[in-house]
Amino acid sequence: MAEGVDAAPQFGRPAPPPQTGWERLRELLRRDERQQYPEETVNILKSAFTGGVVGWMYGGLPAFYQARKAFIERSHGELFHNRADAVQSAHRAGLRSFLRYGWRWSWRVAAFVTIFNTVSTGLSVYRNKTTISHFASAGAFTGALFRMHLGLQGLAGGVVFGTVFGIPAGGLLMMMQKLAGETLQEKRNRERRELYEQKLAEWQSRLSVTEVLGQTESNTQGGPEVERARESRSY
């Protein structure tokens, strides 16, 4: 009985692709039949990781070289066991600065990129199209969020900085998508439509087989009754 209840939804008509903006947004948090998240969600995670690595290199490498140079300048009067000991001490000083300042830049860049991509992707998914205004709005929101602790002037500066950053970044991304032949939203809509048509064809095929089996079963059950009716009339 339980198997019948679980199997019933499989024979229902496939659900059409999401039609409203909220349905498309909820789809970003759901896995598909292959237990994979949508491409938009994966891209947000990838960009966050990439931003973290770039931020760490941007903040950590200059700090490493500066700390190493400063250590060498300060240690002219110090005594070391040998040259290798001096080199290792300089590298340790540089490594400490690399980890300290690299982490400071890493999480900030990762957070900025994540918020920017989340807002721009959310707007594009909700409206089911990609425009430069989505990236400008995402940049303004992210910049304001990072500078709001500096007061009204900082908030305004963050909006300007974020907008200036978002427009060229969005334009570059849209240009790359155009060169690929279709935007991410066009690709997503095409995949949704193709998957729905495939499921619908499979459902119609199963439905026709079920109808044929039901007709065959009814004919098989009706055959003996017809024979008995004929025999009763003959008597």
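Throughout, numbering of the chain's residues begins at 1 and tracks the sequence. Just so it is clear, the model here is predicted, and its values are computed rather than measured.
In this structure a side-chain-to-backbone donor-acceptor pair under 3.5 Å is missing from Thr41 to Tyr37.
Scanning all heavy atoms of the two residues, the minimum distance from Phe135 to Thr130 falls at CE1-CG2, 3.8 Å. The two atoms that bring Leu123 and Ser137 nearest to each other are CD1-CB, 4.1 Å, heavy atoms only. Contact detail for Val109 and Gly51: the closest heavy-atom pair is CG1-O, 3.2 Å. Minimum interatomic distance between Ala93 and Ala67 (heavy atoms only, all atoms of both residues): O-CB, 3.7 Å. Taking every heavy atom of both residues into account, Ala136 and Ile167 meet most closely at CB-CG1, 3.8 Å. Contact between Ser106 and Gly52 at its shortest, heavy atoms only, is OG-O, 2.8 Å.
For Phe64, the CZ atom sits in a packed shell: over 12 heavy atoms of surrounding residues, nucleotides or ligands are nearer than 6.0 Å. Heavy atoms from other residues, nucleotides or ligands lying under 6.0 Å from CZ of Phe141 number 12 at most. A 6.0 Å sphere centred on CH2 of Trp105 holds no more than 12 heavy atoms belonging to other residues, nucleotides or ligands. The environment of CZ in Phe161 is sparse: at most 12 heavy-atom neighbours from other residues, nucleotides or ligands sit within 6.0 Å. More than 12 heavy atoms of other residues, nucleotides or ligands lie within 6.0 Å of CD in Glu194, so this atom counts as buried by the packing criterion.
A heavy-atom distance below 4.5 Å is not found between the side chains of Glu197 and Leu200. The side-chain heavy atoms of Thr114 and Ser47, taken from C-beta on, include no pair separated by under 4.5 Å. Two residues are said to be in side-chain contact when any heavy atoms from C-beta on lie closer than 4.5 Å; Gln66 and Tyr101 fail this criterion. For the pair Ile115/Leu145, a side-chain contact is recorded, criterion being any heavy-atom separation below 4.5 Å from C-beta on. In this structure, the side chains of Ser124 and Glu40 stay at 4.5 Å or more apart for every pair of heavy atoms. Glu23 has its side chain out of reach of Glu27: every pair of non-hydrogen atoms, C-beta onward, lies at least 4.5 Å apart. With a 4.5 Å cut-off on side-chain heavy atoms, Trp56 and Leu99 count as touching. The side-chain heavy atoms of Gln36 and Arg31, taken from C-beta on, include no pair separated by under 4.5 Å.
Other cluster members for Leu25: Trp22, Leu28, Val125, Tyr126, joined by side-chain heavy-atom distances under 4.5 Å among Ile, Leu, Val, Met, Phe, Trp and Tyr.
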Going through the checks in order, is the side-chain contact (heavy atoms from CB on, under 4.5 Å) test met by Gln177 and Lys187?
-> CA-CA 10 Å; Gln177 292 180 357; Lys187 178 182 178 182; over 6 Å; no
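For Arg193 and Tyr196, the positive end is not near the middle of the six-membered ring at less than 6.0 Å and at most 45° from its axis.
Donor-acceptor pairing under 3.5 Å is lacking for the side chains of Ser120 and His134. In the model, Asn43 has no side-chain atom that pairs as donor or acceptor with a side-chain atom of Asn117 under 3.5 Å.
Taking CZ from Arg147 and NE2 from His149, the interatomic distance works out to 6.5 Å, rounded to the nearest 0.5 Å. Here CE of Met175 is found 7.5 Å from CG of Leu179. Values are rounded to the nearest 0.5 Å.
Residue Leu155 is grouped with residue Phe116 when hydrophobic side chains (ILVMFWY) are merged at heavy-atom distances under 4.5 angstrom, including chains of intermediate members. Note on Tyr65: it clusters hydrophobically with Phe98, by side-chain heavy-atom contacts below 4.5 Å among ILVMFWY residues. Hydrophobic clustering (side-chain heavy atoms under 4.5 Å, transitive across Ile, Leu, Val, Met, Phe, Trp, Tyr) groups Met174 together with Val119. Follow the hydrophobic side-chain contacts under 4.5 Å out from Val42 and you never reach Ile44; the two are in separate clusters. Linking Ile, Leu, Val, Met, Phe, Trp and Tyr residues whenever their side-chain heavy atoms come within less than 4.5 Å leaves Leu45 and Leu173 in two separate clusters.
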